[in-house]
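This structure is a prediction, so every number in the text was calculated from the model and none was measured.
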Amino acid sequence: MSSLRQYEQKTPTNLQFTPESLAEIAKHRKKYPDRGAALLPTLYVAQAQFGFISPEVMALVAKTLDLPETRVREVATWYTMFHKKPIGRYNVQVCSNISCHLCGADALVEALKTHLGIKVGETTKDGKFTLSEVECLASCGSAPCMQVNMTYHEHLTAEKAIQILKNLP
């Protein structure tokens, strides 16, 4: 038995999906003839329930879909929308791709770091904000932009971005 396979079998998990989460996962599995195709939607369900995708959550997803843990880990760690550690109540993501970069995203990130008192990748002490730079938010025509949770904010200046955060409850 390979050492990787041994690791997979030793991964402990005491987590369980709620009945509601299991019902949602079952709906996704019905939609796709290949159980691997249900992996992304199942990871979203897991993140909604647990808040982030830990190694234990990855193991639970693998077991639930009857997939190798390595496959789940590959997918969960590849995509930036899956959080590998707890994040703040507001996930502030600033696009750093070329259009946003050329329109001032660097200054925007610096202003947000100063305002929040954290570095990129950190969460404020009160747990309210996590600041991230992301490769692309697909809003090149309205750069620079940021996404706070699921809401886009476009044509930003540092002042506008800070005001948006100040207005959050």
Side-chain angles (χ1 to χ4, degrees), residues 7-8 11-18 20-21 24-25 39-62 64 69-169:
Y7 167 78
E8 288 182 356
T11 303
T13 180
N14 296 327
L15 301 176
Q16 293 183 4
F17 281 116
T18 64
E20 295 80 15
S21 292
E24 190 171 346
I25 292 166
L39 180 52
L40 286 175
T42 300
L43 285 168
Y44 275 115
V45 170
Q47 185 164 271
Q49 179 177 329
F50 300 109
F52 66 103
I53 307 293
S54 67
E56 294 81 13
V57 171
M58 290 180 211
L60 177 62
V61 168
T64 302
E69 281 185 45
T70 52
R71 179 67 186 139
V72 174
R73 198 167 35 258
E74 288 169 346
V75 172
T77 58
W78 172 258
Y79 289 101
T80 60
M81 69 270 210
F82 298 120
H83 312 295
K84 281 41 132 211
K85 60 182 183 178
I87 62 167
R89 180 173 166 203
Y90 296 106
N91 186 23
V92 180
Q93 300 175 84
V94 180
C95 178
S96 63
N97 211 331
I98 190 70
S99 296
C100 286
H101 174 75
L102 291 173
C103 292
D106 289 348
L108 182 62
V109 169
E110 289 304 315
L112 291 171
K113 285 169 41 180
T114 300
H115 174 71
L116 296 172
I118 59 174
K119 297 176 184 172
V120 170
E122 293 182 343
T123 301
T124 55
K125 286 184 169 103
D126 63 1
K128 190 170 181 179
F129 297 102
T130 297
L131 179 62
S132 304
E133 281 187 78
V134 294
E135 185 59 31
C136 184
L137 290 174
S139 189
C140 298
S142 57
C145 70
M146 74 176 180
Q147 183 177 354
V148 180
N149 293 348
M150 298 304 287
T151 304
Y152 270 58
H153 301 278
E154 302 163 316
H155 301 288
L156 290 173
T157 62
E159 295 77 22
K160 282 184 187 177
I162 290 169
Q163 193 57 50
I164 288 165
L165 299 187
K166 285 181 177 180
N167 289 337
L168 293 171

Student: Is there a donor-acceptor contact under 3.5 Å from the side chain of Tyr79 to the main chain of Leu40?
Tutor: no

Student: If you round to the nearest 0.5 Å, how far is NZ of Lys113 from CG of Leu108?
Tutor: 11.5 Å

Student: Set out, in order, the CA-CA distance, both residues' side-chain angles and the distance that settles side chain to side chain contact (heavy atoms under 4.5 Å, CB included) for Val45 and Val61, then state yes or no.
Tutor: CA-CA 10 Å; Val45 170; Val61 168; over 6 Å; no

Student: When you measure from the side chain of Lys128 to the backbone N and O of Pro169, does any donor-acceptor pair fall under 3.5 Å?
Tutor: yes

Student: Closest approach of Ile162 and Ala111, non-hydrogen atoms and distance?
Tutor: CD1-O, 4.0 Å

Student: Can you measure from SG (Cys145) to CG (Asn97) and round to the nearest 0.5 angstrom?
Tutor: 9.5 Å

Student: If I compare all heavy atoms of Ser99 with all of Cys140, which pair ends up nearest, and what's the gap?
Tutor: OG-CB, 3.5 Å

Student: Is the backbone N or O of Asp106 less than 3.5 Å from a side-chain atom of Glu133, with the two atoms forming a donor-acceptor pair by type?
Tutor: no

Student: Which heavy atom of Lys160 sits nearest a heavy atom of Leu156, and at what distance?
Tutor: CB-CD2, 4.0 Å

Student: Looking only at non-hydrogen atoms, find the nearest pair between His153 and Val148 and report the distance.
Tutor: CD2-CG2, 3.8 Å

Student: Between Tyr44 and Met81, is any pair of side-chain heavy atoms under 4.5 Å apart?
Tutor: yes

Student: Any donor-acceptor pair under 3.5 Å linking the side chain of Lys84 with the backbone of Ala76?
Tutor: yes

Student: How many angstroms lie between CE in Met146 and SG in Cys100, if you round to the nearest 0.5 Å?
Tutor: 11.5 Å

Student: If you look at every heavy atom in Gln16 and Gln49, which pair is closest and at what distance?
Tutor: O-NE2, 3.0 Å

Student: For Lys85, which residues count as a salt bridge (Lys or Arg N to Asp or Glu O under 4.0 Å) partner, sequence neighbours excluded?
Tutor: none

Student: What is the distance from atom CD1 of Ile25 to atom CG of Leu39, rounded to the nearest 0.5 Å?
Tutor: 10.5 Å

Student: Hey, is the main chain of Leu116 close enough, under 3.5 Å, to the side chain of Thr124 for a donor-acceptor pair?
Tutor: no

Student: Enter the distance from Thr151:OG1 to Ile164:CD1 here, rounded to the nearest 0.5 Å.
Tutor: 10.0 Å

Student: Can you find a heavy atom in the side chain of Phe17 that is under 4.5 Å from one in the side chain of Leu60?
Tutor: yes

Student: Backbone N or O of Asn91 within a donor-acceptor pair of the Asn149 side chain at under 3.5 Å?
Tutor: yes

Student: Give the minimum heavy-atom separation between Ile118 and Phe129, together with the two atoms involved.
Tutor: CD1-O, 4.0 Å

Student: Could you tell me whether the side chain of His155 reaches within less than 4.5 Å of the side chain of Ser142, counting heavy atoms only?
Tutor: yes

Student: For the residue pair Met58 and Thr77, establish whether any side-chain heavy-atom pair is separated by less than 4.5 Å.
Tutor: yes

Student: Mark yes or no for whether Ser132, through its side chain, and Gly121, through its backbone, hold a donor-acceptor pair below 3.5 Å.
Tutor: no

Student: Starting at OH of Tyr152, measure out to SG of Cys95 and round the result to the nearest 0.5 Å.
Tutor: 8.5 Å

